[in-house]
Amino acid sequence: MAEIDVVLPDGSHKSLPAGSTAGDVAAAIGARLAKDALAARIDGVLSDLAASVPDGAHVGIVTPASDDGREILRHSSAHVMAQAVTRLWPGAKYAIGPAIENGFYYDFELPGGAHFTDEDLARIEATMREIVAEDQPFTRREMSIDDGLAVFADQPFKIEIITKVKEGADDDEDLGEVSAGPIVSVYANSEGFVDLCRGPHVPSTKRLGHFKLMRVAGAYWRGDEKRPQLQRVYGTAWESAAALAAHLHQLEEAEKRDHRRLATELDLLSFPSELGGGLAVWHPRGGIVRKQMEDFSRARHLEGGYEFVVTPHLANARLFETSGHLGFYKDGMYPPMEMDNGTYYMKPMNCPMHCLIFRSRARSYRELPLRLFELGTVYRYERAGTLHGLMRIRGFTQDDSHIYCTEEQLEGEIISLLGFVMDVLRAFGFSEFTANLSTKDPEKYVGSDEIWEKSTDALRGALERFGLEYQIKKGDAAFYGPKIDIDVRDAIGRTWQLSTIQCDFNHPERFDLEYVGADNQRHRPIMLHRALFGSIERFFGVLLEHYAGNLPTWLAPEQVRVLGVRNDHDDYAREVAAHLKETGVRVSVEVANEPLGARIRRAKMEKIPYVLVVGDEDVASGTLGVNARGSNDPSRGVSLGEFTTALHAEILAHGRPDAD
RNA sequence: GCCUGGGUAGCUCAGUCGGUAGAGCAGCGCAUUCGUAAUGCGCAGGUCAAGGGUUCGAAUCCCUUCCCAGGCUCCA
């Protein structure tokens, strides 16, 4: 009998009878693996266990607790969900249902334009569990495109995908749904349900089960808001009950550090509905944190050679016609105010005004790079459905700078900017950065190819010199130039896009900006836009979530609270507080009208970095009981001088690489 | 803007079949004086998001608007 030889991931070889499947390979390796196996990688390609293995193939068995395994579980769960929905709503049309991070979704169109409600989730989930219990095998079939069209005759979304494949107009997304080449593949997991799919899938529905449906949502067919809106159901799926529970637990933890919740609990800011959507008021405790952030930002910009400017919140429409904002972003701007001398708009950007400052007089090459900086408050009419706490807001303040430089200065300026950006972000407790380099959108851009290439090279060179990991986002640049965006990783592993460095060839042109060079000729400067925080509001929100509200001492609204054990210690408590306050510490006293435990608890819930408890012994010897945030082990008998010195050292140390 | 779900005291929430408003925490007052995460008692707190409609009667049913959440789309 003919034998084939397969290579396993560890480099060892196995001989099997010709015609063996990936499942047979798993069985040949071990009974336990065969039981665990979901799918296989054959020569790098994910395949069903039922797929036959060619001679000499490299074969890896995919088990549930792996990235490949989870992806397959999730994708198969999506099929089961579609099957459940078609059982519950006969005639439902199903569109696409991929695996996504942590789970899966599927888009549907229900008969009669019906919509899912939250209650439907439980019904769908129950039906999914029935399908899982039925132990239905997933079986793959390949067929011609025309046969595929016949199979899905009553499924218009599938027909559209197959037709596009037939016409050769398919894209990656379509390929994910079908298969490459002149055939389409379908998976049936029962007589009653067949879906267009490239696969692979788990061998049987009984291999699924650690899933939970999360929510229903509307989603446009093919992501196009001009096309029909479908009903999307999201679910999460995992390899084990424990992994599912861990995921759900993490969601709860993330909810606890939601900046909107913390902002209310810690009395930092609020969004009064009377103001209108997307507009916040900062309360004293939020305001003092913001002031710390702004002071720090200003100090660093001053050191960094920036010049401070101030510009108004609104401007005549002519300015935004010149800048092009009215042409490109009118819908995103607050509507016009008609005045007796013209039409005015709230500013959505600071750049046009900074350009006016540049243009206010003749500029020499000796002044370049000219770095204009402003904490500039802008207003953008974000669409109602897109608002999200501080993360997406209609009135916000950018730590905005525009740098005017020569072409020769560009690279050096970007390199120093990257260092500046990360240095400032580190001071706020972020240490993991990744970057995206967005390149020219060939459909939409201004400026010569040469300058695009040059500036893209300058951005790339700076990233590489920093050893900063980056991804290219092809075609993602603004129309006026390429950009670098910097993402940070937070304490629970989420990434947030914060800083941006953008080249701009458009504004200098539109505002006819010039400088006189050493050659006594007029030249056009290049303009860089950059923001470190992005917006102060958003950055503040990210900080709150990163620290779960436990802001580092230098930022904390209240740094120290002093508690006397009894009323007769209150005077000493006030003395301690007065001493700290004199040295610039934000401190308060809560007098002993309530039990100590209750006052400690309140201070802890307010996430105050240091709670000082003073009693008889402390009054007698000038000491403190120091209860630090996050510790359950207070130190007694610390001298006031010792505490003050350590506190100041901590406050001053932030942002220094050697601090800790 | 679109889809789904919401809006009740400062906060978190209950409120059944349509019969006129409830708790805990926070606040205020009094008592309590306590060594490291909740002392007791009392008081006050509401145009039930806003406006309109149905009804003898609306927090509850219907309509409109505003605001919020989760998605989609968008994000200079």
A.B. asks: Nearest to the side chain of A:Arg380, heavy atoms from C-beta on, is which of B:rC3, B:rG35, B:rC75?
C.D. replies: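 Side chain of A:Arg380 sits closest to B:rC75.
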
A.B. asks: Give none if B:rU64 has no partner; otherwise give the nucleotide forming a Watson-Crick or G-U wobble pair with it, both distances under 3.5 Å.
C.D. replies: B:rA50

A.B. asks: Which atoms form the tightest heavy-atom contact between A:His507 and A:Ser323, and what is the distance?
C.D. replies: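 Scanning both residues, the minimum pair turns out to be NE2-CB, 3.8 Å.
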
A.B. asks: Determine the interatomic distance between P on B:rC56 and the same-named atom on B:rC11; round to the nearest Å.
C.D. replies: 37 Å

A.B. asks: How would you label the contact of A:Glu382 with the nucleic acid (heavy atoms, under 4.0 Å): base, sugar-phosphate, or nothing?
C.D. replies: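 No contact at all - A:Glu382 keeps every heavy atom at 4.0 Å or more from the nucleic acid.
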
A.B. asks: Go nucleotide by nucleotide along RNA chain B from the 5' end; which of A:Pro595 and A:His569 gets its closest nucleotide reached first?
C.D. replies: A:His569

A.B. asks: Is A:Gly625 touching bases, backbone alone, or none of the nucleic acid, heavy atoms closer than 4.0 Å?
C.D. replies: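 Contact class for A:Gly625: base.
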
A.B. asks: Taking A:Asp618 for the side chain and A:Gly622 for the main chain, is one N or O donor matched with an acceptor at less than 3.5 Å?
C.D. replies: no

A.B. asks: Say we look at B:rA44 and B:rG22: how far apart would their P atoms be, to the nearest angstrom?
C.D. replies: 13 Å

A.B. asks: With P as the reference atom in both, quote the distance from B:rA21 to B:rU60 in angstrom, rounded to an integer.
C.D. replies: 13 Å

A.B. asks: Should A:Arg232 be listed as having a side-chain N or O under 4.0 Å from OP1 or OP2 of B:rU73?
C.D. replies: no

A.B. asks: Remember a base hit wins even if backbone is also touched, and classify A:Gly332 as base, sugar-phosphate or nothing at under 4.0 Å, heavy atoms.
C.D. replies: base

A.B. asks: Which nucleotide in the set B:rU33, B:rG35, B:rU39 lies at the smallest distance from any side-chain heavy atom of A:Glu594?
C.D. replies: B:rU39

A.B. asks: Distance check, C1' atoms only: B:rC48 and B:rG19, in whole angstrom units.
C.D. replies: 16 Å

A.B. asks: Quick one: which of B:rU33, B:rC72, B:rC75 gets closest to the side chain of A:Arg392?
C.D. replies: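 Looking only at side-chain atoms, A:Arg392 lies closest to B:rC75.
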
A.B. asks: According to a strict under-4.0 Å criterion, is A:Tyr234 in side-chain N/O contact with OP1 or OP2 of B:rC72?
C.D. replies: yes

A.B. asks: Of the nucleotides B:rC68, B:rA76, B:rC72, which has the atom closest to the A:Tyr329 side chain?
C.D. replies: B:rA76

A.B. asks: Distance check, C1' atoms only: B:rC34 and B:rG46, in whole angstrom units.
C.D. replies: 37 Å

A.B. asks: Picking from B:rA76, B:rC67, B:rG71, which would you name as closest to the side chain of A:Arg394?
C.D. replies: B:rC67

A.B. asks: By the 4.0 Å heavy-atom rule, please label A:Asp331 as base, sugar-phosphate, or nothing.
C.D. replies: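 Since no nucleic acid heavy atom lies under 4.0 Å of A:Asp331, the category is nothing.
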
A.B. asks: What pairs with A:Glu617 under side chain to side chain donor-acceptor pair (under 3.5 Å), at least two apart in sequence or on another chain?
C.D. replies: A:Arg636

A.B. asks: What integer number of Å spans the C1' atoms of B:rC3 and B:rA59?
C.D. replies: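 Each nucleotide's C1' atom is 27 Å from the other's.
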
A.B. asks: Would you call A:Arg318 and A:Glu321 a salt bridge, using N to O less than 4.0 angstrom?
C.D. replies: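 Judged by the 4.0 Å cut-off on N to carboxylate O distance, A:Arg318 and A:Glu321 do not form a salt bridge.
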
A.B. asks: What's A:Phe271 touching, base or sugar-phosphate or nothing? Going by heavy atoms closer than 4.0 Å.
C.D. replies: nothing

A.B. asks: Mind checking A:Glu265 for me? I need base, sugar-phosphate or nothing, with any heavy atom below 4.0 Å counting as a touch.
C.D. replies: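 A:Glu265: no heavy atom of the nucleic acid under 4.0 Å.
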
A.B. asks: Quote, to the nearest angstrom, the C1' distance that separates B:rG70 from B:rA76.
C.D. replies: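 After rounding to an integer number of Å, I get 27 Å for this pair.
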
A.B. asks: Output the single nucleotide from B:rA37, B:rA76, B:rU4 whose closest atom is nearest the side chain of A:Val216.
C.D. replies: B:rU4

A.B. asks: When all nucleic acid strands are considered with a 4.0 Å heavy-atom cut-off, which category describes A:Ala217: base, sugar-phosphate, or nothing?
C.D. replies: base

A.B. asks: When the C1' atoms of B:rU32 and B:rC41 are compared, how many Å lie between them, rounded to an integer?
C.D. replies: 11 Å

A.B. asks: Does any N or O in the side chain of A:Thr236 come within less than 3.5 Å of the main-chain N or O of A:Asn102, such that one atom is a donor and the other an acceptor?
C.D. replies: yes

A.B. asks: Is the backbone of A:Arg260 close enough, under 3.5 Å, to the side chain of A:Thr264 for a donor and an acceptor to pair up by distance?
C.D. replies: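 Here the side-chain-to-backbone pair exists.
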
A.B. asks: Counting only Watson-Crick or G-U wobble pairs whose two distances fall under 3.5 Å, which nucleotide matches B:rC41?
C.D. replies: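 Across all strands, the one nucleotide that pairs with B:rC41 is B:rG29.
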
A.B. asks: Look at all strands and tell whether A:Gly534 reaches a base, only sugar-phosphate, or nothing, counting heavy atoms closer than 4.0 Å.
C.D. replies: nothing

A.B. asks: Heavy atoms from C-beta onward define the side chain here; which of B:rA76, B:rU33, B:rC74 lies closest to that of A:Arg383?
C.D. replies: B:rC74

A.B. asks: Applying a 3.5 Å limit to both distances, which nucleotide forms a Watson-Crick or G-U wobble pair with B:rC74?
C.D. replies: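 Pairing partner, where one exists within any strand: none, as none qualifies.
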
A.B. asks: Just to be sure I understand the rule, does A:Asp618 reach a base, reach only the sugar-phosphate, or reach nothing, if contact means heavy atoms closer than 4.0 Å?
C.D. replies: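 Touches a base.
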
A.B. asks: So if I take every side-chain heavy atom of A:Ala598 and compare against B:rA38, B:rU73, B:rU36, which nucleotide ends up nearest?
C.D. replies: B:rA38

A.B. asks: Scan A:Gly278 against the nucleic acid and name what it touches under 4.0 Å (heavy atoms): base, sugar-phosphate only, or nothing.
C.D. replies: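 The residue A:Gly278 makes sugar-phosphate contact but no base contact.
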
A.B. asks: Should A:Glu509 and A:Arg524 count as an ion pair when the cut-off is N to O under 4.0 Å?
C.D. replies: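 Judged by the 4.0 Å cut-off on N to carboxylate O distance, A:Glu509 and A:Arg524 do form a salt bridge.
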
A.B. asks: Which part of the nucleic acid, if any, lies within contact of A:Phe479, taking any heavy atom under 4.0 Å across all strands shown: a base, the sugar-phosphate backbone alone, or nothing?
C.D. replies: nothing

A.B. asks: Can you figure out which of B:rC34, B:rA37, B:rC72 approaches the side chain of A:Ile600 most closely?
C.D. replies: B:rA37

A.B. asks: Look through every strand shown and name the nucleotide pairing with B:rU12 as Watson-Crick or G-U wobble, where both distances are under 3.5 Å.
C.D. replies: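 Across any shown strand, B:rU12 pairs with B:rA23.
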
A.B. asks: What's the closest nucleotide to the A:His115 side chain, out of B:rC3, B:rU73, B:rG70?
C.D. replies: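 Among B:rC3, B:rU73, B:rG70, the one nearest the side chain of A:His115 is B:rC3.
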
